[in-house]
**Q** 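Pasting in a structure now, in structure tokens, and then I'll have a few things to ask.
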Amino acid sequence: MNLTEAILRKGKTLYEDDDYILLWTKFFGLSILALTSYFVYVKAKHSLLKLNGREKAYLMSVSFYLTKQHGVSPRAVLDDTYLFKDFAQAIANRGSETYQNYFKEPSKDKAKHYAVQSGRRYSKKAKK
């Protein structure tokens, strides 16, 4: 079994479609964010791409703003937005214009965009 097969077998899937799998792995069984690794598997190329620190931080930041500032539930992030699909597509195209465009927007603004997709336009705090 090679490394790709091992990660695909042991990793926890966050998102999967016909083109990509976004998954994460624990470090020695510990779910400590700083030690957790994230990967995108590109099915057409049979290629496993490990997220670098900047990419991982961006995904975590967008997720944080979506859930905490905009009140989008984790289930709604999965079901009602294209966050993980767009993210996986950007990672699969590292170095391309798609990748550059995805990461040039601040994570707070990106979260607002996905909150609108989910039907949540304003945060609970903003309504008060």
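Just so you know, these numbers use all the heavy atoms, side chains as well, and skip hydrogens, waters and symmetry mates.
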**Q** Going by heavy atoms in the side chains, are Leu51 and Phe39 under 4.5 Å from each other?
**A**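 No, every pair of side-chain atoms sits at 4.5 Å or beyond.
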**Q** Would you call Leu14 and Phe87 a side-chain contact if the rule is heavy atoms closer than 4.5 Å?
**A**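 No - every pair of side-chain heavy atoms lies 4.5 Å or more apart.
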**Q** Would a single hydrophobic cluster contain both Ile21 and Tyr15, if residues Ile, Leu, Val, Met, Phe, Trp and Tyr are joined by side-chain heavy-atom contacts under 4.5 Å?
**A**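 Result: no, two separate clusters.
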**Q** If I compare all heavy atoms of Ala115 with all of Leu66, which pair ends up nearest, and what's the gap?
**A** N-CD2, 3.5 Å
**Q** Check the hydrophobic clustering (I, L, V, M, F, W, Y; side-chain heavy atoms under 4.5 Å; chains of links allowed) and say if Tyr38 and Val40 are grouped together.
**A** yes
**Q** Measuring only between side-chain heavy atoms, which start at C-beta, is Tyr41 closer than 4.5 Å to His46?
**A** yes
**Q** Tell me, do Ile91 and Phe103 make a side-chain contact under 4.5 Å, heavy atoms counted?
**A** yes
**Q** Looking at NZ of Lys43 and CG of Asp17, how far apart are the two atoms once the value is rounded to the nearest 0.5 Å?
**A**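 CG of Asp17 is found 6.5 Å from NZ of Lys43.
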**Q** Search all heavy atoms of Ile7 against all heavy atoms of Leu23 and return the closest pair with its distance.
**A** O-CD1, 3.4 Å
**Q** Where is the tightest heavy-atom contact between Val42 and Ala92, given as atom of each residue plus distance?
**A** CG2-CB, 3.6 Å
**Q** Both conditions, 6.0 Å and 45 degrees, for the charged tip of Lys110 above the ring of Tyr102: are they met here?
**A** yes
**Q** Report the residues that fulfil side-chain hydrogen bond (donor to acceptor under 3.5 Å, both in side chains) with Asp86, sequence neighbours left out, ordered by chain and then residue number.
**A**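 Asp86 satisfies side-chain hydrogen bond (donor to acceptor under 3.5 Å, both in side chains) with Tyr114 once adjacent residues are dropped.
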**Q** Per the salt bridge (Lys or Arg N to Asp or Glu O under 4.0 Å) rule, what does the pair list look like for residues 87-104, sequence neighbours excluded?
**A**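 Every salt bridge (Lys or Arg N to Asp or Glu O under 4.0 Å) pair that includes a residue of residues 87-104, provided the two are not neighbours, is Glu55-Arg94.
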**Q** Could you list the residues that satisfy side-chain hydrogen bond (donor to acceptor under 3.5 Å, both in side chains) with Ser61, not counting sequence neighbours?
**A** Ser107
**Q** On a heavy-atom basis, which atom in Thr25 and which in Gly11 lie closest, and how many Å separate them?
**A**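 It is CG2-CA, 3.8 Å.
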**Q** In Å, rounded to the nearest 0.5 Å, how long is the span from CZ of Phe64 to NZ of Lys108?
**A**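 Reported value, rounded in 0.5 Å steps: 9.5 Å.
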**Q** State which residues pass side-chain hydrogen bond (donor to acceptor under 3.5 Å, both in side chains) with Tyr65; sequence neighbours excluded, sorted by chain then number.
**A** none
**Q** About how many Å separate OH of Tyr20 and CD of Gln89, when rounded to the nearest 0.5 Å?
**A** 4.5 Å
**Q** Identify, with sequence neighbours excluded, every residue that meets salt bridge (Lys or Arg N to Asp or Glu O under 4.0 Å) alongside Lys50.
**A** none
**Q** Is there a continuous path of hydrophobic side-chain contacts, each under 4.5 Å between heavy atoms, that joins Leu49 to Leu8?
**A**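 Leu49 and Leu8: separate clusters.
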**Q** Check whether any side-chain heavy atom of Glu105 lies under 4.5 Å from a side-chain heavy atom of Lys112, and answer yes or no.
**A**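 They are not in contact (no side-chain heavy atoms under 4.5 Å apart), so the answer is no.
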**Q** Using the side chain to side chain donor-acceptor pair (under 3.5 Å) rule, collect all pairs that involve residues 1-14, keeping only residues at least two apart or in two chains.
**A** none
**Q** Is any side-chain heavy atom of Phe84 closer than 4.5 Å to a side-chain heavy atom of Leu59?
**A**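 With C-beta onward as the side chain, the pair touches.
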